[in-house]
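Written out below as structure tokens is the structure these notes cover.
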Amino acid sequence: MTSPSPPSSLSVRDPIDVEKKPSPGIRTKEYVDENAAESEQLKRQLKNRHVQMISIGGVIGTGLFLGTATSLAEGGPAGLLLGYTIMSSVCIGVMLSLGELVTFLPVAGGQITLSGRFVDPALAFAMGWNYWYCWSVSLPAELSAAAVLVNYWNKSVNNAAWITIFLLVVVTINFLGTRVFGECEFWFASIKVVTIIGLIILGLVIDLGGAPDHDRRGFRFWHNPGPFVQFLGIKGPKGRFLGFWSVLIQAAYAFIGTEILGMTAAETRNPKKNIPRAIRGVYVRICVFYILGVFILGLICPSNASGLTTGSKTAAGSAWVIAIQIARIKALPSIINAALLTSAWSAGSSDLYTSSRALYGLAVNRQAPRIFAKTNRYGTPYVSVAACALMGFLSFMGVTSGSSKVFGWLSNMSSVTGMLNWMGICITLIRFRKGLKAQGIDVKTLPFVSRLQPWIAWWSLCWVVVIILFADWSVFLKGQGPFDHASFISTYFPVPFFIMQVTLQSSHH
């Protein structure tokens, strides 16, 4: 294991350029990566407003709009609120850990590169390739989701046509450079913010009797059908606990993506000022968008509503839309579906950006072929972008029934790899703090510091490990049909593969 070296003994390979305003203990600097040649450098083109909206966009995903339907049906309003509240605290811990790391060293590869510096290069290797897999497979998943959303209005056109259009737009945005990507994400995220705030306000209006049905609901659905749901008909406290646990696991995957802010650090203007601003806003965004959002949702939509369990991937399967329809409000479902479409489109663009930067970071650190570190004059790692864009063609597998099953297995594996990256972030922060303490460096000299550290990193780490271990817990339930081998293998395969990567890379070094 390695620990952070004091600034006074930084080697020539450290990513440091020009010193600014020295402060006691740790010097403040602008960072570039000296492991990269001049033709391999990224450029800082993301402004503060871009970074703010990228962080917000990472918090608000399709899980908040669509995933909450299944969670409400399986956990009830109390189980939904409890599960999302716990996962919110875990996400906050991960983001505070990430904030300390990437503001101290805002380098290419973000948390992946820093895990190699503060823990072990083998961890960086495993995190990097798992992170690349997570987001490169998420790209075709989001493209497929976008095509399905269009089916809400028009089912006469083959989904392959919509996928082709969406893929071309996503690839174009990423090839036009970081500034264009940041600008697009700014507007995409703005739409998501307006949508969720509008839904929360509308939910209050519906609950207080201001909808066309003039029905004042209050906490009615907390009494009937009740605060919790008996999961799969299992009676007693066990059934209610399993309902809550199901919500918790689903909520974990809804939060994956918040950490992509760390991958933007090397392309952010004045990262020591702008990244902390974005991180500090995590508390408010998560409390408003998720905790308040699911609380309001539990007030206006009953957990036994028939539409919650249809499995629809369009607005028709959203608990928000179901509540709006119960309140006899027309037209809004189409508007929400349009917002979901922009959300999926934004997610696809972010997936390509994140996977390409992960591959670029691996190449710069000599853990992937060097050709992937090539950048153009605008600072875009075009070879990495092109390679990751090829993964988008996997989305065509979802068009046919046979290949869609294989594509589902690939997507299952990407969920656990996202959690493994969260685990790596927490471990890196804990080792970073121990290194500072061992060398007598006061944490107050860091550009960004949280009073909750390192305890909240331990809190998040423990929960992440539990979530990984019980990611597919439902396959072990008795009396629920034959054991689902395909689901079990596709869900848990990333765990031994991650361990194998770390072990082999450690032995190699």
Side-chain angles (χ1 to χ4, degrees), residues 56 59-85 88 149 151-153 189-229 243 247 250-251 254 284-344:
I56 293 174
V59 171
I60 307 172
T62 53
L64 181 58
F65 296 114
L66 292 176
T68 46
T70 302
S71 297
L72 179 60
E74 294 182 350
L80 178 69
L81 180 61
L82 185 59
Y84 271 83
T85 299
S88 294
L149 287 167
N151 291 340
Y152 184 79
W153 300 296
S190 298
I191 293 172
K192 290 193 281 188
V193 169
V194 171
T195 301
I196 189 60
I197 291 178
L199 287 173
I200 290 173
I201 295 173
L202 177 62
L204 282 171
V205 172
I206 293 174
D207 188 61
L208 297 175
D213 64 353
H214 301 295
D215 182 12
R216 187 181 179 90
R217 291 162 175 78
F219 282 84
R220 180 192 307 164
F221 299 138
W222 281 65
H223 297 285
N224 182 25
F228 291 95
V229 171
V247 173
Q250 294 174 50
V284 178
R285 291 162 194 151
I286 288 179
C287 289
V288 172
F289 299 143
Y290 273 99
I291 299 178
L292 179 59
V294 297
F295 172 69
I296 296 297
L297 184 60
L299 295 178
I300 62 175
C301 185
S303 59
N304 59 357
S306 58
L308 294 175
T309 55
T310 60
S312 174
K313 300 299 181 183
T314 67
S318 170
W320 293 99
V321 171
I322 293 170
I324 290 170
Q325 291 173 337
I326 293 174
R328 302 175 189 172
I329 300 175
K330 300 178 180 179
L332 275 178
S334 287
I335 296 174
I336 294 174
N337 198 70
L340 288 173
L341 181 59
T342 60
S343 179

Exercise. Is the backbone of Ile191 close enough, under 3.5 Å, to the side chain of Thr195 for a donor and an acceptor to pair up by distance?
Worked result: yes

Exercise. Is the shortest heavy-atom distance from the side chain of Leu81 to the side chain of Ile291 under 4.5 Å?
Worked result: yes

Exercise. Does the side chain of Glu74 come within less than 4.5 Å of Val229's, by heavy atoms?
Worked result: no

Exercise. Do Gln250 and Thr70 come close enough that some side-chain heavy atom pair is under 4.5 Å?
Worked result: yes

For this session: Determine, stepwise, if the pair Leu202 / Ile324 fulfils side chain to side chain contact (heavy atoms under 4.5 Å, CB included).
Result: CA-CA 9 Å; Leu202 177 62; Ile324 290 170; 3.7 Å; yes

Seminar exercise, completed: Value for CD1 (Ile196) from CD1 (Ile296), rounded to nearest 0.5 Å, stands at 10.5 Å

Seminar exercise, completed: So OG1 of Thr342 and NZ of Lys192: to nearest 0.5 Å the spacing works out to 7.5 Å

Exercise. Given side chains that start at C-beta, do those of Ile197 and Phe289 come closer than 4.5 Å, heavy atoms only?
Worked result: yes

Exercise. What are the two closest non-hydrogen atoms of Ala251 and Gly83, and how far apart are they?
Worked result: CB-O, 4.3 Å

Seminar exercise, completed: When every non-hydrogen atom of Leu72 is compared with those of Ala319, the smallest separation belongs to CD2-CB, 4.5 Å

Exercise. Nearest 0.5 Å, what's the CG-CG distance between Asp215 and Leu208?
Worked result: 11.5 Å

Exercise. Of the non-hydrogen atoms in Gly298 and Phe221, which two are nearest, and what is the gap between them?
Worked result: O-CB, 4.0 Å

Exercise. To the nearest 0.5 Å, how far apart are CD1 in Ile322 and CG in Leu297?
Worked result: 9.0 Å

Exercise. Which is it for Ile300 and Trp320 under the side chain to side chain contact (heavy atoms under 4.5 Å, CB included) test, yes or no, and what are the steps along the way?
Worked result: CA-CA 8 Å; Ile300 62 175; Trp320 293 99; 4.3 Å; yes

For this session: Kindly give the heavy-atom pair with the smallest separation between Pro302 and Ile326, and that separation in Å.
Result: CD-CD1, 3.9 Å

Exercise. Is there a donor-acceptor pair under 3.5 Å between the side chain of Asn337 and the backbone N or O of Leu149?
Worked result: yes

Seminar exercise, completed: Taken to the nearest 0.5 Å, the spacing of Leu341 CG from Ile336 CD1 works out to 14.0 Å

For this session: On the 0 to 90° scale, with breaks at 30° and 60°, tag the Tyr290-Tyr84 ring pair as parallel, tilted or perpendicular.
Result: parallel

For this session: Indicate yes or no: at least one non-hydrogen side-chain atom of Leu292 is less than 4.5 angstrom from one of Ile200.
Result: yes

Seminar exercise, completed: Smallest heavy-atom separation, Ala211 atom then Ala327 atom, equals CB-CB, 3.7 Å

Exercise. Any donor-acceptor pair under 3.5 Å linking the side chain of Asp213 with the backbone of Arg328?
Worked result: no

For this session: Would you mind reporting whether Leu308 and Cys301 have side-chain heavy atoms less than 4.5 Å apart?
Result: yes

For this session: State whether the number of non-hydrogen atoms from other residues, nucleotides or ligands found under 6.0 Å of Arg216 atom CZ is greater than 12.
Result: no

Problem set entry | Side chains of Ile206 and Ile329 in contact at under 4.5 Å (non-hydrogen atoms) | yes

For this session: Evaluate the side-chain proximity of Asp207 to Phe219: yes if any heavy-atom separation is below 4.5 Å, no if none is.
Result: no

